[in-house]
Structure formats: C-alpha cells, structure tokens
Amino acid sequence: MGKPLKADDLSDRVPPGQTLTDKFPILSYGPAPRFNPAKWDFRVFGLVEPELQLSYEQFRALPQSRQISDFHCVTSWSRLDNVWEGVKILDLMKLVTLKPEAHFVLVHCDAGYSANLPLNEFLDSDVMLAYRHDGRDLTPDHGFPLRLVVPKLYAWKSAKWVRAIEFLEFDERGFWEVRGYHNHADPWREERYSFQEDPEE
Ligand SMILES: Nc1nc2c(c(=O)[nH]1)N[C@H]1C(S)=C(S)[C@@H](COP(=O)(O)O)O[C@H]1N2
Ligand SMILES: [Mo]
C-alpha cells in the first residue's frame, strides 16, 4: 500500500471542504436498475440532427478512450486519478449536428434520475460516457452499463445508468437540482446548494 494521501500535498487537486478517499463509495438514490442488453438502448434527442438510437452493441462499437480524472462528491469526499474508459462526448458528437438553439443538456437515466448541465461544459474534452473504471467493468452500483463522467462538477452530475442525452434551448433542472442542490455545481466555488445561486444567473 502507498502512503495515505494528504490533502495538503495536493491542494491544487482538492477543492475546498473536501477530504480524500482511496475507497470508491457508492452514492445512489435507490437500487441499481436491472440491465437487459437486449432491451437497453441509448438515445440522443432534442435539438440535434439526426437523433440517435443505439443498441448496446452499437454503443460499444463507438470509438473508445481512456482518461484519468478526479471525482468530487458534494458530501465531501474526493477520489483522485480515476481511470475511466468509454466514449468521449466529443467523439459521440461527431455523429450529430447541434441545432444553433441548443444551449443546455439534460441527461436521462433509468429509474427517473436526471442531471442538467450547460452545453459548453458538456462539450469539455474530459467529459465521457464510461463503462469501465480503474481497469474493470463498472459494477452495477457504480453505474453499469453506462455512466456520465463530468470531472469539473460535483459528482451528482456524473449520472449513472444513462439512457439518453437531450439537447435543449432552455435549462431544465435535474433530479438533485430540483431538490435543493446547486444548478451549476462547481466544486472549486463550493456551489453546493441552490440557495447559493445568484438570482441574476
Ligand atoms: N442515476 C444516478 N446517478 C447518480 C446518482 C444517483 O443516485 N443515481 N448519484 C450521484 C452522486 S450524488 C454521486 S456522488 C455519484 C457517485 O458515484 P458512485 O456511486 O459511482 O461513487 O453518482 C451520481 N450519479
Ligand atoms: Mo454525491
């Protein structure tokens, strides 16, 4: 085992109010949904052309990438250097053209979970749809068969069990964003709760 990580050695990696962990805690509202590869599909819809509907096999045939990033949960744990494998959003977007009115994204998941983010942050090069973590397939509890990874925002935006991406003109709040959590969720600015939101934004 390596030396335990100390937050002060890595202050530029650990946002304020966060504590490092080597574990990979599970944070889910409700149980992991059942995965049936014959019925599973992945859709891209809304202000985009063409709309996509991919089978599990078709999704797994998309170009693959491996990226390393940090993960910050609003409940105050951070896990550094996660190795994610899957499809970069920028590679997925090569298959479609956005309509000019598209400014926001709503990510839809099995079991009613969702998360929203602005288009420009969704299109960051480190955002991906992952099916493997640290060299293994994701476990069902961590989002298998597919989860979003958005390293620069609090991890509730990294939606598990993703089934669809919707492009919107106007922002629509997701599951936690309507339940008191911050619409934007930048961990470096500690955007944790909706009461912190600037009414002008
Ligand atoms: N579908 C879904 N995605 C979700 C959640 C959830 O409850 N349901 N929890 C979020 C929260 S709060 C966090 S911190 C991360 C945790 O991911 P992990 O359980 O793989 O550590 O998943 C996010 N994605
Ligand atoms: Mo979280």
Side-chain angles (χ1 to χ4, degrees), residues 5 13-36 39-44 56 59 66-87 89 105-118 121-122 124 126-166 172-197:
L5 292 168
R13 302 273 303 276
V14 187
Q18 297 294 111
T19 307
L20 290 181
T21 180
D22 283 334
K23 301 194 185 80
F24 193 14
I26 292 162
L27 259 102
S28 306
Y29 185 85
R34 185 175 299 236
F35 169 55
N36 177 348
K39 292 208 173 132
W40 189 91
D41 64 1
F42 173 79
R43 292 197 308 130
V44 177
Y56 184 63
F59 189 90
R66 181 175 168 277
Q67 290 189 304
I68 300 179
S69 60
D70 300 342
F71 198 72
H72 310 293
C73 173
V74 71
T75 63
S76 87
W77 55 268
S78 289
R79 188 182 195 280
L80 303 184
D81 293 326
N82 297 277
V83 182
W84 299 104
E85 289 168 76
V87 178
I89 291 300
V105 175
L106 188 60
V107 180
H108 299 268
C109 305
D110 275 326
Y113 192 88
S114 58
N116 61 314
L117 61 168
E121 286 173 296
F122 181 73
D124 267 354
D126 59 359
V127 177
M128 62 193 299
L129 286 159
Y131 35 72
R132 287 170 66 79
H133 174 268
D134 284 0
R136 295 172 189 206
D137 283 352
L138 285 173
T139 60
D141 280 335
H142 286 299
F144 194 84
L146 192 65
R147 78 175 302 160
L148 188 68
V149 178
V150 188
K152 293 197 192 76
L153 299 176
Y154 279 124
W156 83 78
K157 302 276 190 185
S158 290
K160 302 190 273 192
W161 313 298
V162 171
R163 293 293 298 277
I165 307 287
E166 181 179 9
E172 273 181 42
R173 299 177 80 100
F175 182 89
W176 283 121
E177 294 82 1
V178 298
R179 288 170 175 78
Y181 285 89
H182 199 286
N183 199 45
H184 182 228
D186 179 349
W188 297 96
R189 299 168 62 174
E190 281 199 78
E191 292 172 341
R192 297 175 186 272
Y193 307 109
S194 43
F195 66 77
Q196 299 170 290
E197 287 171 24

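Order of appearance sets the numbers: ligands from 1, and atoms from 1 within every ligand.
With 3.5 Å as the limit, one finds a donor-acceptor pair spanning the side chains of H72 and S78. Using modelled atom types, one finds a donor on one side chain and an acceptor on the other under 3.5 Å when comparing H184 with E191.
Among protein heavy atoms, the minimum distance from atom 15 (C) of ligand 1 is reached at A155 O, 3.5 Å. Closest to atom 11 (C) of ligand 1, if we only count protein heavy atoms, is W156 CA, 3.6 Å. Of all protein heavy atoms, the one lying nearest to atom 18 (P) of ligand 1 is H142 ND1, 3.4 Å. Distance from atom 14 (S) of ligand 1 to its nearest protein heavy atom, with residue and atom name: C73 SG, 3.3 Å. Regarding atom 17 (O) of ligand 1, its nearest protein heavy-atom neighbour is R147 NH2, 3.0 Å. Remark: minimum distance from atom 9 (N) of ligand 1 to any protein heavy atom is reached at L27 O, 2.9 Å. Closest protein heavy atom to atom 1 (N) of ligand 1: K160 O, 2.9 Å.
A salt bridge links R163 to D41: at least one charged side-chain nitrogen sits closer than 4.0 Å to a carboxylate oxygen.
At a 4.0 Å cut-off, not a single heavy atom of Y154 sits close enough to ligand 1 to count as contact. Taking 4.0 Å as the cut-off, F144 does not count as a neighbour of ligand 1 on heavy-atom distance.
Taking the six-membered ring where the residue is Trp, the centroids of Y154 and H182 are separated by 6.0 Å or more. If you look at Y113 and Y29, their ring centroids are not closer than 6.0 Å.
Using a 4.0 Å cut-off to heavy atoms of P25, the atoms of ligand 1 that qualify are 18 (P), 19 (O), 21 (O). For ligand 1, the atoms sitting less than 4.0 Å from at least one non-hydrogen atom of S28 are 6 (C), 7 (O), numbered in the order shown with element in parentheses. Distances below 4.0 Å separate heavy atoms of W161 from the following atoms of ligand 1: 1 (N), 2 (C), 8 (N). Shown in contact with I26 at under 4.0 Å from a heavy atom are these atoms of ligand 1, numbered in order with element: 19 (O). Residue Y29 approaches ligand 1 through these ligand atoms, each under 4.0 Å from one of its heavy atoms: 6 (C), 7 (O). Close contacts of ligand 1 with S158, meaning ligand atoms under 4.0 Å from a residue heavy atom, involve 22 (O), 23 (C), 24 (N). Residue A159 has at least one heavy-atom neighbour below 4.0 Å for each of these atoms of ligand 1: 3 (N), 24 (N).
Ring orientation note: the planes of F24 and H142 are close to parallel, at an angle under 30° on the 30°/60° scale. Ring orientation note: the planes of Y181 and W176 are nearly perpendicular, at an angle over 60° on the 30°/60° scale.
S28 and W161 get closest at one heavy-atom pair: OG-CH2, 3.6 Å.
Using a 4.5 Å cut-off on side-chain heavy atoms (C-beta onward), S158 and R147 make contact.
One option in F24, Y113, W176 has a heavy atom closer to atom 10 (C) of ligand 1 than any other, and that option is Y113.
Atoms CD and OG1, from Q18 and T75 in turn, are 7.5 Å apart once rounded to the nearest 0.5 Å.
No more than 12 heavy atoms of other residues, nucleotides or ligands shown are found within 6.0 angstrom of CZ on R43.
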